[in-house]
Amino acid sequence: MSQTKLPGAIGALLAIIPAGLALSQTFSLSGFDPVIPLPALHSPALRIAALQIVCVLLAAQPLRCLLGTLPLLLGSLLTGALLLLSVPSGESEPATAFWLLCIAQFLLARTSVQRLAMLDSPPWVATLTAVLFGLWMLYFWQLLVTAFAVPRVLLPAPADILLALFTEADKLGGDFVQTVLKSVLTGYVLGSGLGIATGIAIERSPFLQRGLLPIASLTSTIPLVGVAPIAVMWFGFDWPSKVAVVVLMTFFPAMVSTLAGLGAAGKLERELMHSYAASPRQQLLALRLPAAMPFIFGALKVNASLALIGAIVAEFFGSPTAGLGFRISTEAARMQMPLVWAAIVLSAIVGSALYSLLVLCERRVNFWHPSVRAAQS
Amino acid sequence: MSQNRFQQHLVPVATLLAVGLVLWYLLAIWLNAAGVIERVLAPQGAWSWQELVAATFSMQRPVLPVPHQIALDLWTSIFDAPLDSPRNLLLHAWVTAGATLTGFLMGLVLGGLLAVCIVHSRTLDRALMPWIVASQSVPVLAIAPIVLIILGSLGITGMLPKATIAMYLCFFPVTVAMVQGLRAPQRLEMELIHTYSASRIQTFFVLRLPSSLPFLFPSLRVAIAAGLAGTIVAELPTGAQAGLGARLLTGSYYGNTLQIWSALIMAALLGVVLTALVAAVEYLIVGRRRQA
Amino acid sequence: MKFAIGVLNLNHLVKKLTVQDAFPMNAPHPTELQASPHSALETPVARPAVVARKASVIYQAADRPVHALSEIDFTINRGEFVSLIGPSGCGKTTLLRVIADLEPITSGEVLVNGMTPSDARERRAYGYVFQAPALFPWRTVLANVMLPLQLIGRSKAECEAIAREQLGRVGLAGFEKKYPWQLSGGMQQRVSIARALGFEPKILMMDEPFGALDEITRDKLNEQLQQLWLRERRTVVFVTHSIAEAVYLSTRIVVMSPRPGRIVKVIESPLPFERDLSIRDTPEFTRLAQEVREALAEGHQ
């Protein structure tokens, strides 16, 4: 790959075409008079188009560092914000100029992400790239949904979802307590804990291991969520039935991983402990359990999202009048889509938060493991 | 060797299954006893232990049906009803399997293509990949009702919405594994290929694709299981007439436990069959190579 | 402390003698060497640390049995540094593993300090150093050396004091708080030697401990190990591929040969106990190395 190539340069240059077209169209619409162009400058479209062209020019500079990319980044964000503010509201059909500006904006956004992705330092620039990409996705979602006046029932704009997240905070807070604190956490701790404990308990019985492992691995192919209706019948509509589903879903991965981890200690290390005449308990505590921790954390991470899915889907089968799954299914039926999306956003946040927490814990516990060391350096 | 290992597992598994069955029967007696006594035995007056056990094993709507009841129900629904009748569980399994497989294939193609793009584009790698990885910690199945509504209001109904949900559940693990696999070739191998001045396409087919397969297949097993769960959940809110999810839902509406258990067992069997299908394909592609 | 151990061992010896009286197995074997004048000078009574009699290990392979060890007769005395040398598959590692109770014998008898290897292991007779360091990556260097001491239930302060001392002896003072993966391969192997020595095992078992290291590091560690042995006179059984290493370190060299794994020759080293690396340029050293080489070639025919 050549070092002199500027990624996205063509895209950026292409952006000049729609921006320029938009510029000329705005001029003609506002009764272009070369002698007095001042009133035309008040047109927002004109300003946006002019700014976009400036951005294209900014993109043409070849500085390969964050500082060199920053003007393009900020410029494109500025034109984006201006464009969003000038979206024709609902009734009036957007003008051709608007669509041209949208195309130019898209090309600019693409270039800005490409430029950022090209940088190697500072280290957090990788995160920044992903964040910027996510931001542009949300931006065009908002822009297009507003511009096309997509019915809320079909697809609410991000702003509507954000609004719902705040206006319905009470309901969602209740759902959070019901689903996450009561069902997910209880079930997750119980299921994973039981799984790990069972794994440790049967580690010294080859017979039980040989019997349980095939059955346990078979459960990974089975849609265990399906037991939700039975759980609801047995344990009622409230959270205990969800806990039962979550326990069932998280138990087997935890057990299988624990067993795999306990067996993962190296041959030399095991022989070393053998030559020290270490008792089984000592072997477990000093060697097998520490060696199993990466596997156990792997299962804990998988289980975090399994637990959330289990609780939410179990609520689809019946729940009291609270819970994220309940909210999603009932509000979807009532076509309250912003609230449905808000509930989904909340569950996504909970899922990522739980996962991040586990990653943080893992970094402390498995600091010695090559994968953690590689991630930290 | 594999024969040997199979035999090693046979006795313990059989023993555990037998113990499980006995426990199941005992649990069934215990759970069903109260209902049986209240509804069946008490009106008759005196009753013996044998009568109680027999009655708990043959309830209409037991709290916990016993295995032979479920087996009988499965048998009658499969062999006594015609194949196109809604009473036949095979039909429901077929509907679910069709949607799952369609979605699985769609997800496989989509995930594979995206992985190829990510491996070859630094921008996508930096901008998109973190989101795909992060999506694994998010309960994406929760979006199912929304997907159904959006597609429904666009006039798309039937199998396709279910397949779409199965698709996006399959798509994430496939993409992540495929990116990992396409990156798996060591620097040495890449440099070797580089000294042959192979083109990007040649490198892809000679080195990257073959070394990605060991990563791909485990993820496919995960994907098809996730896809099946997705399809079954997708069959819940649509008021679908067919499909194992619909059977589960109607069963839970009418308190027909036997129907729920039969659908559940059928779903489990379907999961096993679909995974076996993936494993068979894996054996055809990778297993032979390993043996050679 | 040392004295107490000696008394204890004498007790075992007495026990063993009574056992041997009951079963007359004392006939000296051709390969079983009498105590050399050297070791007779150093240790008044040559007390055997390891005795093998007609020890065989046979694996059941797919088509036919494989004789990994065939009727080994052999004695290692206390305080000796014995090297087992031979080509791959000659059973030198198997012999080491048999002595350390990592592998069972098919027939014959192996006694360590007058006990079965299993009993000796239960009494923590062995300090085993593998080809790889086998350090626990989640423990610091210090904690790794402390591990065997903790297992035998010493107090924490005692463990730490001994571990620090041992690390100092292998030249790793100041690295206590590091993790194994922060050290070079040679340093890791030194930690593993410190760990093996820390709980004062009666026999130090070393299975090609320097095999994976580069030659310069290897030389340095050889020198350190030789000095260590000179200071402490612990019994060492050392498996190696390298003739130079075996000759430099050992008081006795056992040459082995494959198919079936057997002892071809046992060579007593005439070299003085106090050595440094320059001894490798002396004619005695060269002659001894030549003798080992010839024995190896003989066994290969």
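Letters A, B, ... are given to chains in the order of the sequence lines, protein chains preceding strands, and every chain is numbered from 1.
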Next on the checklist: At a heavy-atom distance under 4.5 Å, which candidate from C:Leu151, C:Ile152, C:Leu147 has the highest pair count against chain A?
Outcome noted: C:Leu151

Checklist entry - Considering only heavy atoms, which portion of C:Arg195 lies under 4.5 Å from any heavy atom of chain A: side chain, backbone, both, or neither? => result both

Checklist outcome for this item: chain A shares the most heavy-atom pairs under 4.5 Å, among C:Asp207, C:Asp101, C:Val129, with C:Asp101

Item to check | C:Leu135, part contacting chain A, at a heavy-atom distance under 4.5 Å | outcome: backbone

Next on the checklist: Please output the residues of residues 268-281 of chain A in contact with chain C, using a heavy-atom cutoff of under 4.5 Å, in numerical order.
Outcome noted: A:Leu268, A:Glu269, A:Glu271, A:Leu272, A:Met273, A:His274, A:Ser275, A:Tyr276, A:Ala277, A:Ala278

Checklist entry - Under a 4.5 Å heavy-atom cut-off, does chain A meet the side chain of C:Phe136, its backbone, both or neither? => result side chain

Next on the checklist: Tell me whether C:Lys178 at atom NZ has more than 12 heavy atoms from other residues, nucleotides or ligands lying less than 6.0 Å away.
Outcome noted: no

Next on the checklist: Within residues 283-296 of chain A, which residues come under 4.5 Å of chain C, heavy atom to heavy atom?
Outcome noted: A:Ala286, A:Leu287, A:Pro290, A:Ala291

